[in-house]
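Values in this document were obtained by computation on a predicted structure and should not be read as measured data. Atoms within each ligand, like the ligands themselves, are counted from 1 in listed order.
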Amino acid sequence: MADLAATGGTVEKRNWLTTFFTQLMIMLKRNTKLQLRSRASTFSQTILAPFIFMILLLILQQADYANQRKSVLDPAEAPLQGVYGCQGLNEGSPCINIMYTPTGSPVIDNIMTTFATNNAARTGENAFATEAAITDPAAGVTFTPSTQMGMVPVPSSAFIYDYALYSPNITKWGISFTDTPGPPRNVAYQVWYNTTNTANGTDIYGRQLVAMMRGLDEAILSVLNNQPTTLDVTLKDWPLIPPKTLSDTIIQNLGPVFFFCSEMVIFINVLNLIVTEKEHKLRHGMEMMGLKPSVYWISQFLSNSLLILIGAFVTAIFGLMMRFFAFTNTNFGVLVITFFLFGEGMLMLAFFITTLVRKARVAILIGIFVFIIGLLFESFVFSSSFVGYIWWDSGTSPTAWKILIFFPFFNFGKIFLDITTYTTGRLDTLTNTFIPGPGFAWSTLFDPLPADLRPTYGSGSQPDVPAPIESWRYLLMNMLFYGVLTWYFDCVIPDEFGWGLKPWFFLTPEYWGLGRRGKNQQALEWLRNEKRATKANPDLRPGEDRDVHAERLKTLDEGFSPAVRIINLRKVYGGFVRKKTDKVAVNDLCISFEEGKLLALLGQNGAGKSTSMNILSGLTPATSGDALMYNHSVRSQMPEIRDFLGVCPQHDILFDELTAKEHLLLYAGLKGVRKDTWDVLVEDRLKAVRLWKVRDQRAGTYSGGMKRRLSLVISTIGDPKIIFMDEPTTGMDPVNRRHVWDFVEKFKQGRVIVLTTHSMEEADVLGDRIAIMAHGRMRAIGTSIALKRQHGSGYRVSIIVEPENTELAKSTIAGMVPSAVLEDDSAGALLYQFPPPHRDAGRQSDLAAFIGYLEGSEDETKPNNEGDEAAGPWWVKAWGISQTTLEEVFLRLIRDANPQGYAGYEQSAAAVDTQLELIRQKSLRGSLSRRRPRQGGQ
Ligand SMILES: Nc1ncnc2c1ncn2[C@@H]1O[C@H](COP(=O)(O)OP(=O)(O)OP(=O)(O)O)[C@@H](O)[C@H]1O
């Protein structure tokens, strides 16, 4: 294998701008690759969704055309009917059918009676009765009918007006006559009619009005000619020959809904994509490798904008192909920009939502909620200009539209309504001819909607509709608004690890990269203060091991300059308010790491290893304390630290859709590795962990062990000076594990590697030093040998003799090595324990002498001087020696760890003892291989 430390990983020093653009290009490439790999999703968002929605519109439009095209050659005829009785609030409620004036005119009274008689004949209802005249105008205004009244003579037109004003919706008709004797004689009348009826479209032909007028004319003729006269009118439609051009009413009414839905596919996809990357910590992974958050967002913006732009073009082109007026009569640029800006507004809204949630499931739910609200707007508000423009009517509070413009779907609905209002045209209901719209040119953008295209409300007012360009401006404003919110909340809302900036972060110079230089000085100053505090109390802390204590003092020593110093690091998981149940995951950790050395961190589950690693790699903020890496503080200088840090997290952070090679290239790019060295780097690293053959296979198809190896190798990209590996070999088979060990061993030259593991063998093989954690505290630290000496139980010697020689063996051993303790004696199997060297330094020679004796030359004391060629005492059949294993040390320390004050100590001391015994027996069995060859049948 080539020199891994030197091969390919050379990092270029770049300025901020170059790094930014290099990372941006890398991220864009990654996004494009992911988009291309998810072909179905990308195709659905850009082409399929616009196409499907457009086809659905076309089908609906064709159905509507078919209906509009129906010819009716012989329409039915209907006689003009009479005037029907009034309707109060409910059927049968009091109301007045007709008020007429003047009172006391026999001619007028006669006309009205004749009218009532003829009308009753036509309607089949009772004739309107002539009621008692109201003569006092003042009293009359407050008059309330108690039943349905027929015809009430009233003093004047003014009375009718006042009455309608003070008692609205009680009187159906008001007739005010003026009879001028002449000659020529003139009978004029004015009909008062509740116009809301027509405005609501319930009686668009005014059929009732015509019937009323016909009835009055008939009565006038009868009375004046003194001869009963009837005027019969029959209404009949023209034969219906549909016009050649039909109106696109469906596009006008449903277009906003369909185009909105089409854009929502991208919206929901973006929500899902970004939050999934967050949930699976992929973004964290990239940021740990140096990715700038701004690059992440801008790359997402650009990649998705491209999809939106393609979608906008596709929508506009499909619309043109389907010959919809809204498309053929509108400037192409206006269409594309409208769809594009709407998509962009929704994209930024999606970005903002992703900052508020951590789970993709929740993000999609919020997306659906937004979708439903938008859908309601597009379908009920912007399907007609009557409701769509009501926000700008003088009767509606302007606050409504000033709030609504913050929602991109509102602005899109408005401008699309403008487009359809200008382009769709309409069928004139009376003439049944198509009246085309004026069309939407580029210049139309700047014109407020003309009066003839604006709706007229019941009050007679027309809304003051702003020019279409305003909607574009508001959509741009939406982009900016949600962009700023995204940036702010992405910084402020703490992630799942608890990192989040202060709400006023943007006011601090550090955020803008100023004043960072002073940080090193501050960190050292902090170290001095910590040291002073410790000096004041340099004693062993309760329960603290001597080695751990020595490590603490060394770490705080300014004269000593290790690569990494961890000082009083503490992490408490809990809420804002301190509680007893808060979990102290890391408790005042003090340790230093030197270059070229690997520290293996051991500890039972929940000991605090991963938490320590997460703090050191910038994933989790510490509750107190700090770590200085080459004098850079973890608390405040993480961006700088990331330049020389590599992290292999406990759980693989890999893109299922990218291959091993693409992963390495992505991270090499983010780390700023020189491009001309990429190929060599990738080959070297993948060969080292035996992934070269599967380099072009997607990581999603890898086995657990392969993923682990890829994660490990990623942490070594970019020539990091410090690497944290959290259980890097979990799930690896023994062969691959050895390759990885070999790789790590070579890679550690000139670097600091900290590795957590549950494999004692791994710690023994790789660890220059081993630290053991329990309950958040460091319990022991030192080399493997030192730990075994310090915390082990010494050596154990087992001797197998013939049962009849047991007493001889015992007395001989007792005489030779009095410090040896007989632990077991059964059927000729003797087990002796020799105390650990530090506890019985003087007696070490005893053990050495005893081993020498066991291995020694021919024994003269042997009876019968049998021809035995083997060395050593004649009574020993076999013997073995074993040293304390690391596992034994580990279990002993865990057993002795004082769980006082901590929750979650789940392993009972008795259980640990049983485990210890098993290990002892195992190691002993292994040592008995030193069997002494004997001849004869003894
Ligand atoms: N986000 C969290 N919120 C609350 N408690 C947590 C959180 N993360 C870890 N802990 C707790 O902190 C303690 C230390 O956890 P940590 O993951 O650091 O242990 P570990 O030594 O890495 O264990 P393992 O070997 O199982 O990975 C555990 O008791 C754990 O339950």
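Checked for salt-bridge contact, D490 and K278 miss the test: no charged N lies under 4.0 Å from a carboxylate O. Ion pairing between a basic and an acidic side chain is recognised when a charged N comes within 4.0 Å of a carboxylate O; D652 and R708 show such pairing. One finds no salt bridge joining D547 and R769 here, because no Lys/Arg side-chain nitrogen approaches an Asp/Glu carboxylate oxygen to under 4.0 Å.
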Steps toward side chain to side chain contact (heavy atoms under 4.5 Å, CB included) verdict (M773, T756) | CA-CA 10 Å; M773 283 185 83; T756 71; over 6 Å; no
Do R738 and E745 pass the salt bridge (charged side-chain N to carboxylate O under 4.0 Å, His left out) test, and can you show the C-alpha distance, the side-chain angles, and the key distance before you say yes or no?
-> CA-CA 10 Å; R738 286 194 186 270; E745 187 63 34; over 6 Å; no
Start with the C-alpha distance between R751 and D719, add both sets of side-chain angles, then the distance that settles salt bridge (charged side-chain N to carboxylate O under 4.0 Å, His left out), and finish with yes or no.
-> CA-CA 9 Å; R751 300 186 164 87; D719 201 15; 2.3 Å; yes
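Using a 4.0 Å cut-off to heavy atoms of E727, the atoms of ligand 1 that qualify are 24 (P), 25 (O), 27 (O). Set against the non-hydrogen atoms of A607, the atoms of ligand 1 under 4.0 Å away are 19 (O), 20 (P), 21 (O). In summary, the atoms of ligand 1 found under 4.0 Å from a heavy atom of Q604, numbered by their order in the structure, are 21 (O).
At least one heavy atom of H758 sits less than 4.0 Å from an atom of ligand 1. Using a 4.0 Å cutoff on heavy atoms, K571 does not count as a contact of ligand 1.
Shortest contact from atom 6 (C) of ligand 1 to any protein heavy atom: Y573 CD1, 3.1 Å. Of the protein's heavy atoms, T611 OG1, 2.5 Å lies nearest to atom 18 (O) of ligand 1. For atom 12 (O) of ligand 1, the closest heavy atom belonging to the protein is A585 CB, 3.4 Å. The nearest protein atom to atom 29 (O) of ligand 1, hydrogens excluded, is given as K583 CE, 3.0 Å; this is a heavy-atom distance. Among all non-hydrogen protein atoms, the one lying nearest atom 17 (O) of ligand 1 is S610 CB, 3.6 Å. Atom 26 (O) of ligand 1 has N605 ND2, 2.9 Å as its closest protein atom, hydrogens excluded (heavy atom only). Scanning the protein for heavy atoms near atom 14 (C) of ligand 1, the closest one is G606 O, 3.4 Å.
Nearest to atom 27 (O) of ligand 1 by heavy atom, out of H775, M773, Q650, is Q650.
Side-chain contact between V735 and R690 is present, with heavy atoms from C-beta onward closer than 4.5 Å. A heavy-atom distance below 4.5 Å is found between the side chains of H663 and L654. For the pair I714/R685, no side-chain contact is recorded, criterion being any heavy-atom separation below 4.5 Å from C-beta on.
Looking at S612 next to ligand 1, no N or O pair under 3.5 Å apart turns up. Note: an N/O pair closer than 3.5 Å links G608 and ligand 1 by distance alone. Between G603 and ligand 1, no N or O atom pair is found at a separation short of 3.5 Å.
Taking the six-membered ring where the residue is Trp, W487 and F506 present tilted rings, their angle falling between 30° and 60°.
Within the 4.0 Å cut-off (strictly below), no protein heavy atom is located near atom 31 (O) of ligand 1.
None of E640, E595, Q637, R565 except one satisfies the side-chain hydrogen bond (donor to acceptor under 3.5 Å, both in side chains) rule with Y630; the exception is E595.
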